[in-house]
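Structure below; questions to follow.
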Amino acid sequence: MNGIMTGSRNQAFLFMALGFTVWALAFSVLYGVQGTGCELGWHRQPIGPLSLLRWLLILIWAAHMAVLGWVYWRCRSALAVTAAKAMPEAFLWRASMALSITAAAATVWIGLALLVPSICVV
Amino acid sequence: MTDTTAATDPIRLHKQLHRIWRTPPGFGRLSAVNHTIVGRRFIITAFVFFGIGGILAMLIRAQLATPRSAFLGPEIYNQVFTMHGTVMMFLFAIPLFEGLAMYLLPKMLGARDMAFPRLSAYGYWCYLFGGSILIIGLVLGLAPDGGWFMYTPLSSRTYTPGINADIWLIGITFVEISALAAAIEIIATIFKTRAPGMSLDKMPLFAWYMLVTAFMMLFGFPPLIVGSILLEIERAFDLPFFDPARGGDPLLWQHLFWLFGHPEVYIIFLPAAGVMSTLLPVFARREIIGYIWIVVSIVAMAFLSFGLWVHHMFTVGIPHLALAFFSAASTAVAFPTAVQFFAWIGTLATGRPQLKLPMLFLLGFFFVFAMGGLTGVMLAIVPFNWQVHDTHFVVAHLHYVLVGGFIFPMLAAAYYWLPHFTGRAPRLSLGITAFWLIFIGFNLTFLIMHLTGLLGMPRRIYTYDDAAGWEWLNLVSSIGSFVMAIGFALFTVDIVLQVTMGKRARRNPWGAKTLEWATAMPPPAYNFASLPSVTSRTPLTDARGIAVDLARGQGYLGFVREGRLETLGVEITSGRLEQVIRLPNSTHIPLYTALVTAVFFVGVLLKFYLVAVIGFVATIAMLLMWTRGWGDRADRGLMPVGQGEEAPPHTEVTGAPSNWAMTLALFANGTAYASLAFGMLFLWVVAPNWPPPVLLDPGLLASALAVAGLAAAAFAAMRSVAPAVLAKAPQRELWLAVAAAGNGAALAGFIMLMMAVPDPTRHAYLAATFVLLAYVALHAALGVVFAGYGIVRSRAGYVSAMRSLDLRIGAQWHRYTAGIGLIALLLIHGLPRVMGS
Ligand code: HEM
Ligand SMILES: [Cu+2]
């Protein structure tokens with residue numbers, strides 16, 4: 001009875017949460033690595049102009065930004081398809097797209113914190 | 001043969017429906033599960049607790065009115081402010097909006113009840129009993145006194161040797177069951193029980209707000225529950241999670257508490273904002289501006305609010321960089337708030353606003369909440385925070401946010417929906433006077449507290465000296481608070497008068513456009529004699545006669561089938577008709593279940609652990625009893641639902657609400673588990689006195705047994721729901737037996753590991769390891785029960801190739817248990833290696 005089974009038509013809905021989930025991950029991973037790195041002294045190991053810890057944090061931040069870029073792109077293309085057919089999912093894709101942009105902005109905003117001069121000073 | 005042709009006689013249809021949906025009178029009311037009744041009970045009980053919290057607030061203000069007052073001593077004062085905060089946050093604000101959501105959601109969504117009526121009833125009793133534990137403590141003079149956030153070490157056994165802190169931990173955890181139950185139920189209801197055609201983009205905004213709020217509760221409460229359980233374990237059994245001498249850390253409590261505590265503020269604010277977004281368009285007489293932007297901003301707000309918790313800990317010594325993260329997130333959350341503000345103001349500005357009574361309270365919200373937001377931004381700035389930390393400035397800020405952001409909208413809601421609850425309209429206009437008394441009294445009380453705070457008056461002091469220079473400010477503040485109290489008393493009188501003596505209200509008196517106004521007033525137990533089909537966001541303008549048509553049975557399900565209580569279920573996103581959901585009738589079983597749950601909690605509180613174990617087992621047994629005789633013993637296939645359409649019963653679809661309930665419960669459970677794992681990692685990285693004196697030597701045999709058992713159980717559970725296996729009873733029962741055996745083996749493995757843990761009171765590492773193992777062992781034990789229960793259901797004829805719901809719910813559990821079990825083993829074997837000894 002295939003008509004009875006509902007497929008995974010809820011992708012758009014999941015994407016509404018995805019953008020900010022990436023933000024939350026960025027937030028927690030940065031916070032966690034920062035804490036661990038300070039504890040283990042990674043901020044005292046220079047690599048080029050910056051410390052190991054700072055490189056690591058910047059890398060983590062950039063990786064999350066890249067994922068957000070992908071989320072945005074995915075929402076945009078799905079929006080194009082669903083909007084053309086006037087499906088109710090289009091609303092969710094539009095919202096998801098806006099949320100991915102907002103999440104990216106929030107990630108940039110917390111990323112500014114990486115510019116503080118001393119990472120581990122209490 | 002069922003009569004599925006629409007009955008056109010509304011009276012006859014009403015009688016048929018009323019007979020099966022009604023709640024019996026007298027003592028039978030204790031068996032109520034209907035959302036209208038249970039929602040009302042939540043609301044009324046919450047207001048009673050508001051009264052209690054308010055009296056406590058008056059005691060505080062009476063004490064602080066004059067310097068060196070001898071009215072309350074320090075012990076009592078500590079209990080009073082702690083209980084005031086606790087009652088207001090946990091026993092008033094959250095239950096109030098839960099009740100409102102329960103009452104309104106099915107009506108707004110075009111359904112006949114919530115998805116799990118018995119769960120609502122159970123949640124209500126847990127709330128009532130848990131809250132009563134706290135109030136009894138207060139009356140006996142044993143109330144908690146460590147502040148509403150119960151910081152350790154103050155709340156540890158050394159500094160609070162009595163039962164006071166236990167009362168908080170046990171009572172609040174008991175109440176939180178109802179919060180989690182409500183969260184699960186609200187989400188499942190919004191996902192599934194909507195009128196056909198109501199796709200997510202056509203949902204009333206209030207439902208969006210509640211959906212997001214419920215998700216926040218689902219992820220926000222588990223850390224608090226875990227924290228409370230750990231603290232209670234430390235207090236009762238001396239397992240050191242927060243004791244720095246043995247590798248614990250008081251900061252762990254602060255993290256777990258604020259991980260919940262900051263989102264909590266938004267959990268309280270969002271439903272109130274949902275009321276704003278529902279009422280404003282009605283009084284502005286136009287549709288709300290920026291529907292999609294509001295949806296986007298509440299989702300953003302929900303997430304951002306979880307990134308804020310550390311701002312309550314700015315003064316505890318956290319590296320600058322981390323402070324910068326949290327400061328950034330704290331300021332970012334202002335943007336989504338601003339978006340909603342602009343949508344509201346824009347709606348007002350471009351509409352034709354009417355200044356009716358609820359509108360007055362909405363305006364009060366704008367003023368008060370804006371002030372609170374302003375001081376909030378000030379507090380988010382770290383250096384300023386350092387200055388005023390723990391002064392009355394913070395008390396003032398918090399009340400501007402909570403009273404502005406919650407009380408004013410909720411009072412507006414009370415006046416707005418009261419005619420719906422009672423079918424009556426007010427005769428007098430006491431409400432206007434009440435508003436001004438509350439508004440003026442509030443500002444008098446709390447505006448001044450900003451000043452006393454800036455002048456250095458700390459919060460939570462029971463008295464102060466004349467020389468401090470705060471006397472007259474405090475006196476005025478106290479006078480203000482009594483003006484406010486008179487306002488609330490007048491509000492209460494007004495409501496009682498309207499309920500008892502109001503004149504008959506017109507239908508839809510405010511000209512609203514959401515579906516709840518299409519029911520009779522007061523609403524019948526089944527809400528709608530037949531269910532609408534929705535085509536827009538404003539269903540009541542589309543078809544003026546919709547209420548009459550529905551009463552005549554011209555919508556869906558305008559009939560009674562075999563005496564079953566039925567409502568419709570839809571696909572989540574599209575709102576297309578998907579299933580016919582059968583709902584339970586009134587029953588005492590939620591009450592009995594809550595009573596045995598109370599036995600468990602009281603047993604723990606009084607340290608009668610044998611009683612507690614009996615209560616726990618009885619609770620699980622009772623919960624399993626809920627399904628006795630519940631379900632279908634034969635495949636039904638498609639059933640007519642009226643309007644020439646058909647749908648299968650919920651037992652025959654994958655997206656049944658109860659399947660969602662298990663998924664959501666596991667989300668919450670997983671969050672609790674993650675909090676526990678976070679705690680262990682956190683202590684290892686941050687706490688003093690690490691590494692531990694001894695490490696666990698996890699036996700390979702025990703670990704192998706656990707892994708094999710978990711894997712077997714997960715695999716067997718997966719097989720048991722494979723279509724080919726499902727079709728044959730002996731096969732599926734065999735696989736279920738394998739799942740039970742696998743869980744049993746895993747349980748044995750984990751118990752062996754637990755026994756290998758050296759005395760867990762010695763160090764936080766050992767304590768955390770022990771609890772982690774116990775957590776998984778408990779899940780494996782329940783896995784045995786659930787697998788066995790699947791066999792019972794299968795034997796009793798409730799399972800077939802089409803009716804696999806019970807087994808799929810069980811399979812989710814087994815998969816989850818396998819997952820957390822493996823993670824636990826990984827942590828226990830891996831962490832000592834990675835972190836070095
Ligand atoms: C109705 C009028 C109210 C008055 C006059 C009032 C008064 C006060 C005062 C004076 C304090 C500070 C006690 C101290 O630090 O020594 C306080 C604390 C508090 N209030 Fe209220 N309050 C009211 C309503 C509310 C409401 C509606 C809520 C929440 C929804 C609330 C939540 C709290 C919390 C969480 C605390 C902190 C308790 C603690 O320090 O542990 N209050 N209140
Ligand atoms: Cu906060």
Side-chain angles (χ1 to χ4, degrees), chain A residues 1 3-13 16-17 19-24 26-28 30-32 34-40 43 53-54 57 87-92 94-99 101-103 105-122, chain B residues 191 197-202 215 291-293 295-297 299-304 306-307 310 316-329 331-333 335-336 339 570-576 578-579 635 637-638 646-648 652-655 678 681-682 684-686 801-802:
Chain A
M1 302 226 60
I4 292 180
M5 301 293 165
T6 57
S8 55
R9 285 205 209 87
N10 305 320
Q11 227 192 38
F13 190 67
M16 277 189 80
F20 267 98
T21 304
V22 176
W23 171 85
F27 193 82
S28 342
L30 286 173
Y31 177 56
Q34 187 268 146
T36 317
C38 290
E39 200 66 22
L40 302 181
H43 57 299
L53 183 53
R54 202 179 292 266
L57 293 174
M87 291 159 74
E89 284 81 359
F91 172 83
L92 296 183
R94 187 167 289 125
S96 307
M97 192 171 87
L99 279 162
I101 299 173
T102 322
T107 312
V108 169
W109 182 240
I110 58 167
L112 292 180
L114 296 178
L115 301 175
V116 300
S118 46
I119 303 186
C120 296
V121 175
V122 173
Chain B
F191 272 1
M198 189 185 277
S199 47
L200 283 179
D201 58 318
K202 298 197 184 72
F215 267 108
Y291 178 97
I292 190 169
W293 286 108
V295 172
V296 165
S297 68
V299 175
M301 196 174 212
F303 274 95
L304 289 170
F306 276 90
V310 175
V316 299
I318 285 176
H320 285 175
L321 177 62
L323 286 187
F325 283 151
F326 287 106
S327 215
T331 42
V333 82
F335 285 92
V339 168
V570 296
E571 285 173 18
I572 297 179
T573 308
S574 66
R576 272 188 286 269
E578 181 184 68
Q579 51 184 303
D635 295 343
L638 294 172
E646 301 183 312
E652 293 173 22
V653 296
T654 48
F678 161 81
L681 279 170
F682 174 84
W684 209 314
V685 175
V686 175
M802 276 170 85

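Chain letters run A, B, ... following the sequence lines, proteins first, then strands; residues in each count from 1.
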Contact origin within A:Leu115 toward chain B - heavy atom pairs under 4.5 Å: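 Looking at A:Leu115, nothing touches chain B.
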Could you look at B:Leu304 and say if it's the side chain, the backbone, both or neither that has a heavy atom under 4.5 Å from chain A?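 Both backbone and side chain.
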Under the criterion ring pair (Phe, Tyr, Trp, His ring centres under 6.0 Å), I'd like the reasoning laid out for B:Phe303 against A:Phe27: C-alpha separation, chi angles, the key distance, then a yes or no. CA-CA 11 Å; B:Phe303 274 95; A:Phe27 193 82; over 10 Å; no
Kindly compute the distance separating CZ (B:Phe306) from CZ (A:Phe20), expressed to the nearest 0.5 Å.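 Atom-to-atom, B:Phe306:CZ and A:Phe20:CZ are 13.5 Å apart.
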Among A:Leu112, A:Thr102, A:Leu92, which residue has the highest count of heavy-atom pairs closer than 4.5 Å to chain B?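 Of A:Leu112, A:Thr102, A:Leu92, A:Leu92 has the most heavy-atom pairs under 4.5 Å with chain B.
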Neighbour count >12 (heavy atoms, 6.0 Å) for atom CZ, B:Phe678: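 Yes, because the 6.0 Å sphere around CZ of B:Phe678 holds more than 12 heavy atoms from other groups.
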Shortest non-hydrogen contact from B:Val296 toward A:Leu99: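 Nearest pair, atom of B:Val296 first, then A:Leu99: O-CD2, 3.4 Å.
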Minimum-distance pair of heavy atoms, taken over all atoms of B:Val295 and A:Met16: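 Where B:Val295 meets A:Met16 most closely, the heavy atoms are CG1-CE, 3.7 Å.
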What part of A:Ser96 gets closer than 4.5 Å to chain B, counting heavy atoms only: side chain, backbone, both or neither?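 Neither the backbone nor the side chain of A:Ser96 comes within 4.5 Å of chain B.
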Check each atom of A:Ala106 against the heavy atoms of chain B and say whether the ones under 4.5 Å are side chain, backbone, both or neither.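 Contact with chain B involves the side chain of A:Ala106 alone.
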Top residue by heavy-atom pair count (under 4.5 Å) with chain A, among B:Ala332, B:Pro336, B:Ala300, B:Ser297?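 When all of B:Ala332, B:Pro336, B:Ala300, B:Ser297 are compared, B:Ala300 has the most.
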Based on non-hydrogen pairs under 4.5 Å, which of A:Leu40, A:Leu30, A:Leu57 is most in contact with chain B?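 Looking at each of A:Leu40, A:Leu30, A:Leu57 in turn, A:Leu30 comes out on top.
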Per-residue contact mode, A:Leu114 against chain B (heavy atom under 4.5 angstrom):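 When you check distances to chain B, atoms from both the backbone and side chain of A:Leu114 fall under 4.5 Å.
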Quick one: what part of A:Ala103 sits under 4.5 Å from any heavy atom of chain B, side chain, backbone, both or neither?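 Contact with chain B is absent: no heavy atom of A:Ala103 under 4.5 Å.
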For A:Pro88 and B:Ser199, which heavy atoms make the closest approach, and how far apart are they?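 Scanning both residues, the minimum pair turns out to be CB-CB, 3.7 Å.
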Is the shortest side-chain heavy-atom distance between B:Tyr291 and A:Phe91 below 4.5 Å?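 B:Tyr291 reaches A:Phe91 side chain to side chain.
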Side-chain contact, heavy-atom cut-off 4.5 Å: B:Phe191 with A:Phe13?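 Yes, at least one pair of side-chain atoms sits under 4.5 Å.
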